[in-house]
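Working notes, structure below.
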Amino acid sequence: MHMPIKKWLRQYAVALPVLTGIFTLSQYSKGYTLTDAVEFALYWALVTLAIFAVSRAWNFHRHQYCGLCKDLPAAPSDDKSN
């Protein structure tokens, strides 16, 4: 099974401006200048997405199911309560 790189890139393309907006708003509301708030936000949004991407790729490589990512099918449950 190959990694769904295109799917991930689309998701990160949406997440980057959302995270940047949230981080910018939080810093700006604390009294930082807009320039400083945007610099902070871009840096931490990229760091956050990089960490998430690496952990997601690692879990995909190990075939570990992620309910949020839904990149791998869920393992069948061993429910024997019939």
Side-chain angles (χ1 to χ4, degrees):
M1 180 182 271
H2 67 284
M3 292 194 311
I5 300 295
K6 288 181 183 179
K7 175 185 173 186
W8 292 352
L9 288 175
R10 280 192 306 271
Q11 291 172 344
Y12 298 147
V14 170
L16 181 63
V18 170
L19 287 173
T20 301
I22 291 169
F23 292 151
T24 299
L25 183 61
S26 71
Q27 291 300 104
Y28 190 69
S29 67
K30 290 179 184 179
Y32 290 94
T33 65
L34 187 58
T35 303
D36 288 341
V38 170
E39 287 177 8
F40 173 91
L42 281 173
Y43 175 78
W44 284 107
L46 289 171
V47 168
T48 301
L49 289 176
I51 291 169
F52 186 74
V54 168
S55 65
R56 191 172 186 185
W58 177 252
N59 287 338
F60 186 87
H61 174 72
R62 293 184 341 175
H63 298 287
Q64 184 172 348
Y65 175 72
C66 173
L68 177 65
C69 307
K70 297 182 182 174
D71 292 330
L72 292 172
S77 65
D78 291 333
D79 186 16
K80 297 181 181 177
S81 61
N82 300 23

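A quick note: this is a predicted structure, and the numbers were derived from the prediction, not measured.
Taking all atoms of both residues into account, the shortest heavy-atom contact from Ala13 to Pro17 is O-CD, 3.0 Å. Heavy atoms only, all atoms of each residue included: Thr20 and Ala41 are closest at O-CB, 3.3 Å. Considering every non-hydrogen atom in both Tyr12 and Ala53, the closest pair reads OH-CA, 3.3 Å.
Rounded to the nearest 0.5 angstrom, Gln27 CD and Ile22 CD1 are separated by 13.0 Å. The CD atom of Glu39 sits 7.5 Å away from the OG1 atom of Thr33 when rounded to the nearest 0.5 Å. The CH2 atom of Trp44 sits 7.5 Å away from atom CD1 of Ile51, with the distance rounded to the nearest 0.5 Å. Within the model, atoms CG of Leu42 and CG of Leu19 stand 10.5 Å from one another, a figure rounded to the nearest 0.5 Å.
Residues Tyr28 and Tyr43 do not share a hydrophobic cluster, defined by chaining ILVMFWY side chains whose heavy atoms lie under 4.5 Å apart. Connection of Val47 to Tyr32 is not established within any shared hydrophobic cluster, with ILVMFWY side chains joined at heavy-atom distances below 4.5 Å, either directly or through further cluster members. Residues Leu9 and Phe60 share a hydrophobic cluster, clusters being chains of Ile/Leu/Val/Met/Phe/Trp/Tyr side chains in contact below 4.5 Å. Hydrophobic clustering (ILVMFWY, side-chain heavy atoms < 4.5 Å, transitive): Phe52 and Ile5 are in one cluster.
Thr24 places a side-chain heavy atom less than 4.5 Å from the side chain of Leu34.
For Phe40, the CZ atom sits in a packed shell: over 12 heavy atoms of surrounding residues, nucleotides or ligands are nearer than 6.0 Å.
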